[in-house]
Structures are given as C-alpha cells and as structure tokens.
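In what follows, a single structure is set out as structure tokens and then discussed.
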Amino acid sequence: MASLHYEILTDPAPLQVPVAGEERQGSVYIVVSNPTMDEVIWYSIEIRVPCGQADGDLTAHPKTITARVEFNTATKNGLGEHRYSGWR
C-alpha cells in the first residue's frame, strides 16, 4: 500500500507572531509527494487553515490568504486532470 508524504515549510522559518497592531506576512508551503516508485491515485487533498483570534490561528483575516497549487510533470490524480476549487 502506497501513501503520500506531507511536509510543511514556512517562510520565514519559523513564522513570526506579530505584536498588537502590527501586520506580518509569511508563507506556508505544503509539499505532497510520493516517496515510492508506485503510482498513487488520489481524488482530493483537503487543507484547512486555522483562522480567528485564538492561539494557534494563522490569521484573523482569511481573505488575505492567497492560495496556489503547483503540479510537477509526474503528477497524476484519479480524475486525469488537475482540479483546484479554492479554500473552504
């Protein structure tokens, strides 16, 4: 049974927590890869970003999030095409 490998990278590393009244920008990269030579057919990958005022939330302003999906030439999903429907 094959499984995917997930790695989370940030820029800056580590992300900096702003002080009151300050704004800071950062990037979170989620890298999904197949560590084997076996084909892995996938139908969806769901990512949730914690938003709000609580400890651990990444932003209080979810509309400032810019999402982007990049595929490499070895990417093949179960639908035979790349689909991205945005954040939920």
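Values in this document were obtained by computation on a predicted structure and should not be read as measured data.
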Heavy-atom pair with the smallest gap, counting every atom of Pro35 and Ser3
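Taking every non-hydrogen atom into account, CD-O, 3.4 Å.
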Which heavy-atom pair separates Arg48 from Pro50 by the least distance, and what is that distance?
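Between these two residues, the closest heavy atoms are O-CD, 3.8 Å.
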Checking side chain to side chain contact (heavy atoms under 4.5 Å, CB included) for the pair Leu15/Leu58: CA distance, chi angles, key distance, verdict?
CA-CA 9 Å; Leu15 289 176; Leu58 290 181; 4.2 Å; yes
For residues [X] and [Y]: do they belong to one hydrophobic cluster (side chain heavy atoms under 4.5 Å, members Ile, Leu, Val, Met, Phe, Trp, Tyr)?
X     : Y     : result
Tyr29 : Val69 : no
Val32 : Leu9  : no
Val31 : Ile65 : no

Check this for me: Gln25, atom CD, are more than 12 non-hydrogen atoms of other residues, nucleotides or ligands nearer than 6.0 Å?
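Open.
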Using a 6.0 Å cut-off, check whether atom CG of Asp55 has over 12 heavy atoms from anything other than its own residue.
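Count not over threshold, so no.
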Spatial distance of atom [atom1] ([X]) from atom [atom2] ([Y]) [nearest 0.5 Å]:
X     : Y     : atom1 : atom2 : result
Glu23 : His61 : CD    : NE2   : 6.5 Å
Thr36 : His5  : OG1   : NE2   : 12.5 Å
Ile30 : Ile47 : CD1   : CD1   : 3.5 Å

